[in-house]
Amino acid sequence: MKKEVVALMNSTKTSSDKTLLVVTGPTGVGKTSLSIALAGHLQTEIVSADARQFYKELNIGTAAPTPGELAKVKHHFVGHLSVHDYYNVSIYEEQALALLEKLFEKHHVVVLTGGSGLYIDAVCHGFDELPPVDAEIRRQVDQVYRQGGLDALRPWLKSVDPEFYLQVDLANPNRIKRAIEVFLTTGKKFSELRTRKVNPRPFGVKTIVMDRPRQELFERINQRVDQMVADGLIEEALTFFGLRHLNALNTVGYKELFDWLAGSCTLVQAIEKIKTNSRRYAKRQITWFKRYPDALWVRPDDVKGILGILEERTSKK
RNA sequence: GGUACCAUAGCUCAGUUGGUAGAGCAACGGACUGAAAAUCCGUGUGUCCCUGGUUCGAUUCCGGGUGGUACCA
């Protein structure tokens, strides 16, 4: 068991400041059960930073906490949206900060858990305040992309924001479109508006990244997909086939089954593809988390050991 | 037991008229400030089954093993 984990756990109990305990890690590593155990011991609540568990209609494919799990610890931002809602990380940042302000009135420590790195960053250091982009502008920019592809987007970006043109990944349409949208909305260059400064927060942040040996993680992911299928993932996906154009349904576990339902592959192939895409997602998450400078990387067993100690202390009291 | 065919990357397979090899998938690495389970970028990671022989040189040709597969008994 790691000494750092002990130190971290103690600090969350004794610090006089408010602490946001971030529990993250790749998909399938075991965040849900351990965050519930942690929050239970700390007698606090859980704020979700999982951008797919936000949607109340999605359950099996997103490995959302079960009703039983939700009953153990109060969760926030789990199933608070419909797949029909428009949502983005900016709205989340605002809502999460408002919520945390209230939670910290009652609790010393609050647990933030989930695997959406962008959303974790939104809470921990926030993003530059930019006005929301009008849906009509988005539609227009997207139409140009659809008709002319990157070749139409690049000169456009170069003319409105030559600095960002030099910085951006010119093969990534989403990045280019966003910068153009921001320019059309504000009349200012995205490269000037994006300061990347860290916004001060009225709480401290401790980050735990849960990890496992790669092979073990991938085996868990593969098995979890099979379990999801056994639990009715196909039936769940079936009900969303007509909504597959929605962003919320552009999600691993559903989009592959839509391909099968559309007739472009077999069911066996679709399920294999869910496993592959889940593994790749986990890999991308790990890449993201490697950027966290002060994060504590732990194996789930380490945290389990800590929980055992806490349990002993609690029961002897 | 006999005959034929096969043995090359994690998998399925190409290929080398003899100069130590390359595709797909998987995998690995990375980027990412309002779609983020999204969207992008980069990278072959190899005792060419083992062992003798021929040869300047064998993964390639020849012999013998071993392990598969098919057919005949």
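Per chain, numbering begins at 1; letters A, B, ... match sequence-line order. What you see is a predicted model, and the numbers here were worked out from it, not measured in a lab.
- Listed nucleotides B:A37, B:C41, B:A35 differ in distance to A:Tyr281; the shortest reach to its side chain belongs to B:A37.
- Aromatic pair A:Tyr119/A:Phe54: centroids less than 6.0 angstrom apart.
- RNA chain B is contacted by both A:Val252 and A:Thr195; A:Thr195 maps to the nucleotide lying nearer its 5′ end (nearest heavy atom per residue).
- If you check every strand for non-hydrogen atoms under 4.0 Å, A:Lys255 touches sugar and phosphate atoms only.
- Contact annotation: A:Arg178 reaches the phosphate of B:G34 (side-chain N/O to OP1 or OP2, under 4.0 Å).
- For the pair A:His125 and A:Arg279, both in contact range of RNA chain B, the more 5′-proximal nearest nucleotide belongs to A:Arg279.
- Taking atom CG on A:Asn172 and atom P on B:A35, their separation rounds to 12 Å, with Å as the unit.
- Residue A:Phe218 is in sugar-phosphate contact alone, with no base atom involved, counting any heavy-atom pair closer than 4.0 Å across all strands shown.
- On a pure distance criterion of 3.5 Å, no polar donor-acceptor pair joins the side chain of A:Arg291 and the base of B:A31.
- With A:Tyr281 as the aromatic partner, A:Arg284 does not meet the cation-pi criteria of under 6.0 angstrom to the ring centre and within 45 degrees of the ring axis.
- If you check every strand for non-hydrogen atoms under 4.0 Å, A:Arg214 touches sugar and phosphate atoms only.
- Contact annotation: A:Thr287 side-chain N/O to B:A31 OP1/OP2 distance is not under 4.0 Å.
- The distance from atom CG of A:Leu97 to atom P of B:G34 is 17 Å, rounded to the nearest whole Å.
- Note on A:Ser278: nothing from the nucleic acid sits closer than 4.0 angstrom, heavy atoms only.
- When heavy atoms are screened at a 4.0 angstrom cut-off, A:Thr27 is found touching no nucleic acid atom at all.
- Rounding to whole angstrom units, CZ of residue A:Phe183 and P of B:G34 are separated by 18 Å.
- Per the geometry, CG belonging to A:Asp134 stands 14 Å off P belonging to B:A35, to the nearest Å.
- At the heavy-atom level, A:Asp128 lies under 4.0 Å from base atoms of the strands shown.
- Among the protein residues, A:Tyr92 comes within range of no part of the nucleic acid, since none of its heavy atoms lies under 4.0 Å from any strand.
- Contact check, A:Arg138 against B:A35: a side-chain N or O comes under 4.0 Å of OP1 or OP2.
- With rounding to whole Å, A:Gln53 atom CD is found 10 Å from B:A37 atom P.
- Residue A:Tyr119 places at least one side-chain N or O under 4.0 Å from the OP1 or OP2 atom of B:A36.
- Between A:Lys290 and B:G30, a side-chain N or O to OP1/OP2 separation shorter than 4.0 Å is present.
- Looking at heavy-atom distances under 4.0 Å, A:Gly253 makes no contact with the nucleic acid at all.
- Side-chain contact annotation: A:Gln167 with A:Glu163, donor-acceptor N/O pair under 3.5 Å absent.
- Neither side chain, A:Gln140 nor A:Tyr145, offers a donor N or O lying under 3.5 Å from an acceptor on the other.
- At a cut-off of 3.5 Å, with distance as the only test, a side-chain donor of A:Glu57 or A:Ser82 sits close to an acceptor on the other residue.
- Spacing between atom CD of A:Gln167 and atom P of B:A31 amounts to 16 Å, rounded to whole angstrom units.
- A:Arg280 comes within 4.0 angstrom of the backbone, heavy atoms only, and of no base.
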Exercise. If pairs are Watson-Crick or G-U with both distances under 3.5 Å, what is the dot-bracket string of RNA chain B, marking crossing pairs with [ ] and pairs to another strand with |?
Worked result: (((((((..((((.....[..)))).(((((.......))))).....(((((..]....)))))))))))).

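- By the rule that a glycosidic angle within 90° of 0 means syn, B:G64 does not qualify and counts as anti.
- When the side-chain nitrogen and oxygen atoms of A:Arg284 are compared with OP1 and OP2 of B:A36, none of them lie within a distance under 4.0 Å.
- Within the nucleic acid shown, A:Ile91 has no heavy atom closer than 4.0 Å to any nucleic acid atom.
- By the 4.0 Å N-to-carboxylate-O rule, A:Asp226 lies close enough to A:Lys275 to be salt-bridged with it.
- Residue A:Tyr254 is out of contact with every strand shown, counting any heavy-atom pair closer than 4.0 Å.
- The residue A:Asp50 sits close to a base: some heavy atom pair falls under 4.0 Å.
- The side chain of A:Ala171 lies closest to B:C41, out of B:A35, B:C41, B:A36.
- Spacing between atom CG of A:Leu153 and atom P of B:U39 amounts to 16 Å, rounded to whole angstrom units.
- Look at CG on A:Asn277: it is 13 Å from C1' on B:C25, rounded to the nearest Å.
- With 3.5 Å as the limit, one finds a donor-acceptor pair spanning the side chains of A:Asp161 and A:Ser191.
- Under the 6.0 Å cut-off for aromatic ring centres, A:Tyr87 and A:Tyr55 do not qualify, their centroids lying 6.0 Å or more apart.
- A:Glu129 comes within 4.0 angstrom of a base, heavy atoms only.
- Taking the six-membered ring for Trp, A:Phe203 and A:His108 have ring centres at least 6.0 Å apart.
- Judged by the 6.0 Å and 45° rule, A:Arg291 forms a cation-pi pair with A:Trp288.
- Contacts of A:Lys273 with the nucleic acid, taken as non-hydrogen atoms under 4.0 Å apart, involve only primed sugar atoms and P, OP1 or OP2.
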